[in-house]
Amino acid sequence: MPSLPGFRDFYPADCALRNTVFAAWRSTAQRYGFVEYDGPPLEELELYTKKSGEEIVGQLYHFVDKGERAVAMRSEMTPTLARMVAAQHRDYKKPIKWFSIPQVFRYERMQRGRLREHYQFNCDLIGEASLEADVELIALCIDTLRAFGLNEKDFVIRLSDRQFWVDFLKSKQVPEEKWYEVFQAIDKSERQPREKTTELLGALAEEVLNILEHGAASERLDIVENGLKARGLGDYVKRDFTVVRGLAYYTGVVFEAFDRSGEFRAIAGGGRYDNLLNNLGGVDLPALGFGMGDVVLTELLKQKGLLKPSTASIQAFVVIPDEAFRAEAAGVLQTLREAGIAADMPLSPAKMGKQFQSAEERGATHAIVVDAEIKNGKVAVKTLADRKQDVVELASLVAVLRS
RNA sequence: GCGGCCGUAGCUCAAUGGUAGAGCUCCAGAUUGUGGUUCUGGCUGUUGCGGGUUCGAGUCCCGUCGGUCGCCCCA
């Protein structure tokens, strides 16, 4: 029986890759002073409908539980974060810098880079209105990708200013209920023929297209760009007003990370959402954050050859030439393990050749041969790489392996 | 929700409408106290599933399920 559509099995090799990704995420976030949190994978359905409206339900894994509660598997972390922060934000000094690596779920058609579940690295910075916070967060996003060995030739952060567009639409007296359509048109302008965009934008077309092509003044973006330059990360960003992000709740600087070749979907995306905590939890705190999924990132890293399958291996393999010494061999094995040395031995009788082959295949650096010499407190230690073998005192075995 | 392409052994794939195969992996032996090579042997299939056409279907047709790529949507 296969796994459900859009859900992955993680065999050991896949799990090793996933752990590599998680480790880089964690260490980078921690370098930036972010601390890890987590929440439940199942939430009340209402937590999501309150934020995104009823339309979102069609994209959620949701059901009624045995207590007749309408529940949904988390599709993103932000509502959970908002709930948690709203409940206990007084217990934490501001700014709050939190990260999480939740597995999130969405019920939708699969396509490249989009499954029905993925792990999403989420970093959020709450309670800081200064644009230096935006710089901090974007720098973290950049350094996270750099931690994998990617550089400015591999990816770029496209920077935009949602507030700029809001101001623009207000100045044109565009009614608020029309904003969504305009954002849609801007978002799609890259992928659609120009005529289509012009049609969608109507009277605004000429001016909007001019901004998309030639840019516009944004003090916010100036500050953010200068802040990143000050950190030596200026080459990683490019101003791009086509980035608006689908979500309604963004209020300021927004950004998306893309591979330079344009072959993959967005690697990461985020921005400032100063009103969301108020709308969701009734707590008036400015906030911003980004999310980075493991699927697109892993595809990109594999293509660049930056994710090498790490072979989890043992250090020592205990060889049992004669089953008469199995008990003694087990004792040696236990000694090694208690000393913190990853070790194994054959669990059923096997020929010497097979045992050494097993040792090789398991990635062991040393084979420990337990034979009649064990009665004299001695074992043979063979270095598999150069095939040299020495007899050592059992008492010094651990020290030999550690050297 | 819509469309293109694809479903054959655990994996990668062959097979003009005419007896379902190869390579790799795995297991064992050659090799009775010392390993990566080599050689030999062995295992695995309702050809995704269900109908239909045909003397005969892996092959053609319809449906369905799954995969994949795109559209819609979007964190």
Side-chain angles (χ1 to χ4, degrees), chain A residues 1-9 11 13 48 51-53 55-61 72-81 100 102-122 124 180 183-184 187-188 191-192 244-250 254 256-257 263-271 273 276 289-296 299 317-325 329 346 348-373 380-390:
Chain A
M1 195 186 290
S3 66
L4 285 168
F7 286 81
R8 296 170 289 175
D9 291 325
Y11 286 90
Y48 301 101
K51 172 182 162 228
S52 309
E55 322 82 69
I56 194 73
V57 175
Q59 309 233 26
L60 293 176
Y61 264 96
M73 294 172 79
R74 61 185 171 200
S75 61
E76 52 170 328
M77 200 56 175
T78 311
T80 297
L81 172 68
S100 190
Q103 189 178 23
V104 296
F105 307 87
R106 287 175 84 89
Y107 195 90
E108 63 179 356
R109 193 74 170 177
M110 288 170 54
Q111 33 186 310
R112 186 179 183 194
R114 295 181 75 183
L115 310 172
R116 286 181 170 181
E117 55 76 24
H118 70 155
Y119 292 90
Q120 191 182 56
F121 180 46
N122 275 262
D124 289 271
Y180 180 75
F183 286 145
Q184 286 285 310
D187 188 41
K188 288 178 187 170
R191 307 186 291 274
Q192 279 184 158
V244 290
R245 313 271 307 146
L247 281 180
Y249 60 69
Y250 286 108
V254 293
E256 291 182 339
E263 185 184 335
F264 300 94
R265 293 171 180 284
I267 306 162
Y273 49 92
L276 185 66
F290 74 85
M292 180 185 296
D294 70 312
V295 178
V296 175
E299 281 179 3
F317 193 88
V318 176
V319 171
I320 309 172
D322 184 340
E323 283 296 313
F325 302 109
S348 57
K351 292 177 182 171
M352 290 284 279
K354 288 287 176 197
Q355 295 190 51
F356 278 94
Q357 193 170 329
S358 293
E360 282 287 342
E361 288 165 354
R362 299 294 302 282
T365 55
H366 294 84
I368 315 300
V369 182
V370 179
D371 54 19
E373 282 295 296
V381 176
K382 183 165 187 176
T383 307
L384 293 171
D386 59 16
R387 302 186 180 220
K388 284 179 183 161
Q389 187 166 318
D390 295 306

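Only this structure's heavy atoms are used, side chains among them; waters, hydrogens and symmetry mates stay out. Throughout, a chain's letter reflects where its sequence line sits, starting with A, and its residues are numbered from 1.
- The distance from atom CG of A/Leu384 to atom P of B/G36 is 12 Å, rounded to the nearest whole Å.
- Scanning for ring pair (Phe, Tyr, Trp, His ring centres under 6.0 Å) contacts around A/Tyr61 gives A/Phe7, A/Tyr107, with sequence neighbours left out.
- Every residue meeting the side-chain contact (heavy atoms from CB on, under 4.5 Å) condition with A/Arg265, not counting sequence neighbours, appears here in chain and number order: A/Gln111, A/Arg114, A/Val296.
- Separating the P atom of B/G41 from that of B/A57 is a span of 34 Å, rounded to the nearest Å.
- Taking atom CZ of residue A/Arg74 and atom C1' of nucleotide B/C74, one finds them 19 Å apart after rounding to whole Å.
- Atom name P, nucleotides B/C49 and B/C65: the rounded distance is 15 Å, in whole Å.
- The salt bridge (charged side-chain N to carboxylate O under 4.0 Å, His left out) search around A/Asp294 returns A/Arg8, not counting sequence neighbours.
- Applying the ring pair (Phe, Tyr, Trp, His ring centres under 6.0 Å) test to A/Tyr273 and every residue at least two apart in sequence or in another chain returns A/Tyr249.
- The distance from atom OH of A/Tyr250 to atom C1' of B/C74 is 11 Å, rounded to the nearest whole Å.
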Per-nucleotide pairing state of RNA chain B [Watson-Crick or G-U, under 3.5 Å; [ ] pseudoknot-crossing; | other strand]: (((((((..((((....[..)))).(((((.......))))).....(((((..]....))))))))))))....
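- Spacing between B/C62 and B/U54 at atom C1', rounded to whole Å, works out to 16 Å.
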Between the protein and nucleotides 29-34 of chain B, which nitrogen or oxygen pairs come in under 3.5 angstrom?
from, atom 1, to, atom 2, distance (Å)
B/A30, OP2, A/Lys351, NZ, 2.9
B/G33, N1, A/Asp371, OD2, 3.2
B/G33, N2, A/Asp371, OD2, 3.1
B/U34, O2, A/Lys382, NZ, 2.9
B/U34, N3, A/Gln389, OE1, 3.0
B/U34, O4, A/Gln389, NE2, 3.0

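- Nucleotides B/G4 and B/U16 place their P atoms 26 Å apart, quoted to the nearest Å.
- Residues passing the side-chain contact (heavy atoms from CB on, under 4.5 Å) test with A/Pro346 are A/Phe317, A/Ile320, A/Gln355, sequence neighbours excluded.
- In terms of the salt bridge (charged side-chain N to carboxylate O under 4.0 Å, His left out) criterion, A/Glu361 has no residue partners (sequence neighbours excluded).
- Within the 3.5 Å criterion, the main-chain N or O of A/Val369 finds no donor-acceptor partner in the side chain of A/Asp371.
- The gap from the P atom of B/U59 to that of B/G51 amounts to 14 Å, rounded to the nearest Å.
- Residues satisfying the salt bridge (charged side-chain N to carboxylate O under 4.0 Å, His left out) criterion with A/Arg387, sequence neighbours excluded, are absent altogether.
- Residues passing the side-chain contact (heavy atoms from CB on, under 4.5 Å) test with A/Ala372, sequence neighbours excluded: A/Phe325.
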Atom pairs, N/O to N/O, protein against nucleotides 67-72 of chain B, distance under 3.5 Å?
from, atom 1, to, atom 2, distance (Å)
B/C69, OP2, A/Arg112, N, 3.1
B/C72, N4, A/Gln111, NE2, 2.7

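- Judged as a side-chain contact (heavy atoms from CB on, under 4.5 Å), and not counting sequence neighbours, the contacts of A/Thr365 are A/Gln315.
- Judged purely by atom type and a 3.5 angstrom limit, A/Arg116 uses its side chain to pair as donor or acceptor with the backbone of A/Glu108.
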